[in-house]
Amino acid sequence: MNRAHALQGISWPDFDRLEIGERAPYFQRDGRQYHALISQQFDRAFLDRMCELATRTRKIAKTRGGMLFLQGLLAEKRAMLYFAQPSTRTFLSFLSACQILGLQSGEVRDSKTSSEVKGESPEDTVRIFSSYYDLIIMRYPEGGFGDRIAWLLSNTDRPVPVINAGSGKDQHPTQALLDIYTLQRSFEAIGGIEGKKIAFVGDLARGRTVRSLAYLLTRYPGVKLYFVAPEQLQIGEDILASLDEYGVSYEVTDTLTPILPEMDAVYMTRIQDEWDTAGESRSIGIDEYIIDADRLQHMKETAVILHPLPRRNEIAVEVDSDPRAMYWRQVRNGMWIRAALILHIFERDAEVDRYFDDLMR
Amino acid sequence: MNRAHALQGISWPDFDRLEIGERAPYFQRDGRQYHALISQQFDRAFLDRMCELATRTRKIAKTRGGMLFLQGLLAEKRAMLYFAQPSTRTFLSFLSACQILGLQSGEVRDSKTSSEVKGESPEDTVRIFSSYYDLIIMRYPEGGFGDRIAWLLSNTDRPVPVINAGSGKDQHPTQALLDIYTLQRSFEAIGGIEGKKIAFVGDLARGRTVRSLAYLLTRYPGVKLYFVAPEQLQIGEDILASLDEYGVSYEVTDTLTPILPEMDAVYMTRIQDEWDTAGESRSIGIDEYIIDADRLQHMKETAVILHPLPRRNEIAVEVDSDPRAMYWRQVRNGMWIRAALILHIFERDAEVDRYFDDLMR
Amino acid sequence: MNRAHALQGISWPDFDRLEIGERAPYFQRDGRQYHALISQQFDRAFLDRMCELATRTRKIAKTRGGMLFLQGLLAEKRAMLYFAQPSTRTFLSFLSACQILGLQSGEVRDSKTSSEVKGESPEDTVRIFSSYYDLIIMRYPEGGFGDRIAWLLSNTDRPVPVINAGSGKDQHPTQALLDIYTLQRSFEAIGGIEGKKIAFVGDLARGRTVRSLAYLLTRYPGVKLYFVAPEQLQIGEDILASLDEYGVSYEVTDTLTPILPEMDAVYMTRIQDEWDTAGESRSIGIDEYIIDADRLQHMKETAVILHPLPRRNEIAVEVDSDPRAMYWRQVRNGMWIRAALILHIFERDAEVDRYFDDLMR
């Protein structure tokens, strides 16, 4: 209770005034990540540590004894999964991460909880949920609400950490973590992420996934990014400006064919027509923005294909059995990296290290 | 199986004919509370014991070792949470209580289960649920249905206990328990609940919470109650008649201002316009029935503010950080007192006492 | 990972071409049942073993120590309960079986998961679910989808077993298992299922339950079946043809009264008018197809009454307290036999045998 929460040192109006990048240090406790809300919190050392911890956890989990060890790590904690926006995939990924670590959980998966009917403020709603639990994992339609709750809870006499499981079109920091982890695993034997050529393909205008990952890739020297999309769905100028600022090189193009043979990773995305307001997506010929058996032949042997899923037809089913298809493994990586994040927040990572060291001896 | 369930000794028609107050002894097994359905079951000794047990459980839970001990207490049991009426708060409170004690759980949170579609009787529906579980925690729109189920299950060869988690506008016995526990904790250092002045403010006509708590406060000598509400929402004559019968003194008023400085506790409630049939609530000026920073200044230093939550504007957010604001703690008290009740029902309370005594040594 | 899954040896088109009876061997791994999808998989030896294992598990569960032992058996595994068609009963039965064995679980109980909205294929949806879990328990409206998923998952580098929890009007193999187990327990002291006379009463045209159970009863020599239903709801010719093939004797009749005194078991069913297209069910006089106190008097002392539940009025409530009423016990039998099946699939049955042998010593 008397530990140093950075958010305790600032009033809400002062905090609310900060740019997103300035907020990162406030999500710490005793100088360690506590709330996990924005990709901007994750520096290179933290990303490396998360990847290491995820891999150790994953390897420990391969035996029955290891699983039982993991389940003991947070057996005394309970997590609230508050998904005001539905998301079966992310929900199950977090739930599984909790279960692996022995955290019990409660869930609210409906946007229309009784609170709205009864005129309760959203802050009160979450504070009540938080009263019963030791961790809030929250998906919420409006960006910034997680920051508000983190500030609020850090300034009570019972602070609990908040993890952002996706907020509007804005941030989805654990998706970015799992993408980084998938790239790190994929390139482990060939020099890591540094210096790799990575193409983002498809709907780049509306995907928060691409936005967050492109941002985190600025942490890896020598990476070159390729944004491959029809003009209407091309990446936003703000992202490019931010890449310029970090000195990251990139290319913007509307054809995949010419660059495909050089790519180390291809990050495919789905045309998200559920955000369409006037059927913009339909008029686009999307044949250029798919991977199928034919295209596979033009890719490097060591290249990998990622996709945040769900997919439609931008990756043909025939690609699934190719060793370069990483998107199914990517799904499980999400579970492991989320487990690593939770271990870090509750400071149980050192126990994992000790067990892992014994295992390797 | 061959233990003495009081409900086995009476036919349904005979039981059904009983007044509510006469039913209490029938919810026992071997002379101990087994089903927890009505506030009338809780005499003073039981209330004191529940408070003691909740406090011990709460203190044990402060360490990792203590939490693991608690989780072992009922690890072999499973609870069915059957909420035919939605209630996220009460649901999560019970679920957390179960998780703290290691009970696994299943849930049915929908009123339109397949049974209705298929023409099954409500009794059959619950009996099937009960077949898989060791405890039924039930919220149901109609009062008395819990009694019916308790009778039915006690007369099968596999009786399981039933806890009422709220039945219509009628009974919500564990809410009354948590209110008593909050008052007991609040007044622990200043002589307990006896002799205290307690105001109920707001919508007293429709709140089963006020009704149940006022009833339980008759167990504490010297308590004086104040019912503060506009005429349309004032407390029912039946409650006053029952207070008269128990010799409890009370005042009925429509203004909070004059009495506020004398109060030891103020129990705020929300105007429940979801029960309105003709917009009765809207015409009432509610300014007299709120607590804000200004009003705080006229309250005793040792006074406490309770609220069953959710609130609207009857307590200003600025009050939250005042040490007299007990409503957030009240939320967690609900979890502890429910855990205590479950421990009592399954006769695992002595194990808690032993662990606690060791801890204190 | 390098264990022999029979489904790895066959292409989808070749497998898809097979008759249902020819598929059974393909659901094995290393010659042991792995996926549990169709009643045709269960030969007599397997049925006997499941009954034995269910009984051992049930007996072990009678003590706290036994329950804790069982909860350790699969504590490192997690099950996905994917119910694309709602079913509270079967869902809770499987969930309880998992909880008894210590399996943690995740659930998707909605047919309209986000996948459909986003244009994802059903195969991708389940594969994502499977990524987080070690077992898929699946209810799905279309017959054969479970087979498809089993084939798909067996041909990935992370196969997980699939259990069919009901597919359309087609298969519900664990219901058939629990019916067999109930008959086996009921007749244990009087020579087993062999040679018994078993009547199916009510709606035999549309019940997959009757269909599956009649099929499994061909495994028991000397059984005679009676199909008692109004003409419109009488058993299908295909079932009778299949009984002829196996040399099982049977009678088809529209009156229960004359045969009732001879029956060893009466399997009652509900008129399932939710499948009605033109109100066929309403015109039938159903008085002949019920059991009440009066009818009980004409039944053997050792006879038993089964019902898959939910019931309407085909069994009067007054029958519930008769020792021949097995339908409540049948509910719990479902939980035990499902636990046995899961133990078998994960090859933990030998641990149950050892514990049981120690217990009996």
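What you see is a predicted model; the values in this text were computed from it and never measured. Each chain gets a letter, A, B and so on, in the order its sequence line appears, and its residues count up from 1.
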A:Y327 atom OH, neighbour heavy-atom count above 12 within 6.0 Å =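 For A:Y327, atom OH is crowded (more than 12 foreign heavy atoms under 6.0 Å).
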With a 4.5 angstrom heavy-atom cut-off, which part of C:T156 approaches chain A: side chain, backbone, both or neither?
-> neither
Can you give me the closest heavy-atom contact between [X] and [Y], atom names plus distance?
{"X": "A:L95", "Y": "C:S105", "value": "CD2-O, 4.1 Å"}
{"X": "A:S96", "Y": "C:Y132", "value": "OG-CB, 3.3 Å"}
{"X": "C:G119", "Y": "A:R312", "value": "O-CG, 3.7 Å"}

Would you sort out whether C:E123 and A:R311 count as a salt bridge (Lys or Arg N to Asp or Glu O under 4.0 Å), showing the intermediate values?
-> CA-CA 11 Å; C:E123 286 87 351; A:R311 68 171 158 186; over 6 Å; no
Under 4.5 Å, counting heavy-atom pairs only, tell me which of A:R332, A:E107, A:M67, A:M335 racks up the most with chain C.
-> A:R332
Do the non-hydrogen side-chain atoms of A:D320 and C:R127 ever get within less than 4.5 Å of each other?
->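 When only atoms from C-beta onward are counted, C:R127 and A:D320 do touch, with a gap below 4.5 Å.
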Hey, does the side chain of C:Q104 reach the backbone of A:Q99 with a donor-acceptor pair shorter than 3.5 angstrom?
-> yes
Between C:E76 and A:K62, does at least one N-O distance fall below 4.0 Å, as a salt bridge requires?
->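 Between A:K62 and C:E76 there is no salt bridge, as every charged N stays at least 4.0 Å from the carboxylate O atoms.
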CH2/A:W328 to CD1/C:I128 distance, rounded to the nearest 0.5 angstrom?
->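 The distance works out to 5.0 Å.
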Hey, what do you get for OG (C:S121) to CG (A:N313), rounding to the nearest 0.5 Å?
->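 Answer rounded to 0.5 Å: 11.0 Å.
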Could you go through the side chain to side chain contact (heavy atoms under 4.5 Å, CB included) check for A:R64 and C:K77 one step at a time?
-> CA-CA 9 Å; A:R64 194 170 174 180; C:K77 301 287 185 194; over 6 Å; no
Interchain contact, A:Q71 with chain C, by part (heavy-atom threshold 4.5 Å) |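 It is the side chain, since no backbone atom gets that close.
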Please look at A:L92 and chain C and tell me whether the side chain, the backbone, both or neither of the residue comes under 4.5 angstrom of a heavy atom of that chain.
-> both
